[in-house]
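Quick caveat: nothing in here was measured; it's all calculated off a predicted structure.
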There are 2 protein chains.
Amino acid sequence: MAEPGPTSDGLLFLTDEQLRKGIEAMFFAYRGFTADPDRILETKDYGRAHHRAVHFIHRSPGTTVSNLLSILGVTKQSLNRVLRSLIDDGLVRSEKGKVDARERHLHLTDKGQMLERELSDAQRARMRAAYRAAGPQAVAGFRQVLEAMMDPEMRRQYNRLKEGG
Amino acid sequence: MAEPGPTSDGLLFLTDEQLRKGIEAMFFAYRGFTADPDRILETKDYGRAHHRAVHFIHRSPGTTVSNLLSILGVTKQSLNRVLRSLIDDGLVRSEKGKVDARERHLHLTDKGQMLERELSDAQRARMRAAYRAAGPQAVAGFRQVLEAMMDPEMRRQYNRLKEGG
DNA sequence: AATTTACGTCAGCCTTGTTGACTTTCCAAG
DNA sequence: CTTGGAAAGTCAACAAGGCTGACGTAAATT
């Protein structure tokens, strides 16, 4: 089996076959990636959409609804439905902005933190196992390829989150 | 910023922070991964479900409905709806098995091949660009981590497809 | 004072997943 | 040759989570 390798022109030699393997790897791996949280969410009558909201509120406490909208890339009606149930269930707290009172700043409650913990523990455990199985060099490559695969807009979002809160 | 690295016990030193970055990289990258096909499908009144069916029928011509069900991991009712429209639109041909006439063997028609081409060209272009940006070492690592992230069942499916038809 | 922004909500639609029940077709074992 | 069960297809109903469009309100900006 021919492996991808550098050529004299500094490019990679990439067959359609190799690219197809990468595509299918993404497909099957993403299923694994979401499988554990999905199982947990199912028992609590939540879905992936709730998970995403909880994740990014945890990640950036006090973030606004607009912020969340641009990160998640959904409509406000769609986000609102999810946020509504999280607020009603007491997992998320929404408070008016002090400086700009039109904004709503979102925080996880203790209950919300608990769910976030449970979900991210499961997801991290799988990620950790995969990292350990593949080794440190592979981890670096993994992140490089994923980053290169993002849309520029998404990459900006990703990099903004990556360092500062 | 501490990078993941080997420790004296042969394990990886992985902070929650590093794992979170990996998780978010998967999230944003998967969006990029599906963005181009999604745009094409939208103009043709199809969705991701159609793409997946077309992809795996192309990958394994003559595959049966049951086969497809186990690869895609959905119910037959869900798959059937998608398959129905593809057959009615003349993209997929379904024929009774010669040896076991209960089975339906699925093939892409010329029209189906054309759609598959269009979708996979777009997806491969992005994958190729990402691979080239990241380099050959990164590509190997990428595939290793993804493979390690799959459920064992999915990994079997993936490996079965990887080599032979 | 008028306009714009941020947010929330109502109503309705679509895709894609689900369960459950049922039929038809067919192979294979008794 | 009959029958049990597997493979496939179909109908009905439902839910999650996307979407658009329209409208309302409060607050900030011009």
Distance-only side-chain donor-acceptor flag, A/His55 / B/Glu24, under 3.5 Å: yes

Any side-chain donor near an acceptor of the partner, A/His50 and A/Ser85, under 3.5 Å: yes

Classify the side chain of A/Arg102 versus the base of C/dT5 as yes if they form a donor-acceptor pair under 3.5 Å and no if they do not.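 For A/Arg102, whose side chain was compared with the base of C/dT5, there is a donor-acceptor pair (under 3.5 Å).
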
Taking only N and O in the side chain of [X], is any of them less than 4.0 Å away from OP1 or OP2 of [N]?
X: B/Arg104; N: D/dA7; result: no
X: A/Lys96; N: C/dA6; result: no
X: A/Arg84; N: C/dT9; result: yes
X: B/Thr75; N: C/dT18; result: yes
X: B/His50; N: C/dT16; result: yes
X: B/Arg52; N: C/dG17; result: yes

Do B/Phe28 and B/Phe33 pass the ring-ring contact (aromatic ring centres under 6.0 Å, His included) test, and can you show the C-alpha distance, the side-chain angles, and the key distance before you say yes or no? CA-CA 9 Å; B/Phe28 288 117; B/Phe33 173 70; over 10 Å; no

Interatomic distance, [X] [atom1] vs [N] [atom2] [rounded to whole Å]:
X: B/Ile87; N: D/dT10; atom1: CD1; atom2: C1'; answer: 13 Å
X: B/Leu79; N: C/dT15; atom1: CG; atom2: P; answer: 17 Å
X: A/Arg48; N: C/dT18; atom1: CZ; atom2: P; answer: 11 Å
X: B/Arg81; N: D/dA12; atom1: CZ; atom2: P; answer: 14 Å
X: A/Leu69; N: C/dT9; atom1: CG; atom2: P; answer: 14 Å
X: A/Asp38; N: D/dA16; atom1: CG; atom2: C1'; answer: 12 Å
X: A/Lys76; N: C/dA6; atom1: NZ; atom2: P; answer: 11 Å
X: B/Asn80; N: D/dA13; atom1: CG; atom2: P; answer: 18 Å

5′-ward residue of the pair A/Val74/A/Ala101 relative to DNA chain D: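 Nearest nucleotide further toward 5': that of A/Val74.
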
Among D/dA26, C/dT16, D/dT20, which is the nearest nucleotide to the side chain of A/Gln77? D/dT20

Take A/Tyr30 and B/Phe27, measure what ring-ring contact (aromatic ring centres under 6.0 Å, His included) needs, and give me the verdict at the end. CA-CA 9 Å; A/Tyr30 198 78; B/Phe27 173 68; 8.0 Å; no

Can you tell me if B/Asp88 has over 12 outside heavy atoms packed within less than 6.0 Å of its CG?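 More than 12 heavy atoms, drawn from other residues, nucleotides or ligands, come within 6.0 Å of this atom.
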
Which part of the nucleic acid, if any, lies within contact of A/Gly73, taking any heavy atom under 4.0 Å across all strands shown: a base, the sugar-phosphate backbone alone, or nothing?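 Sugar-phosphate, no base atom in range.
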
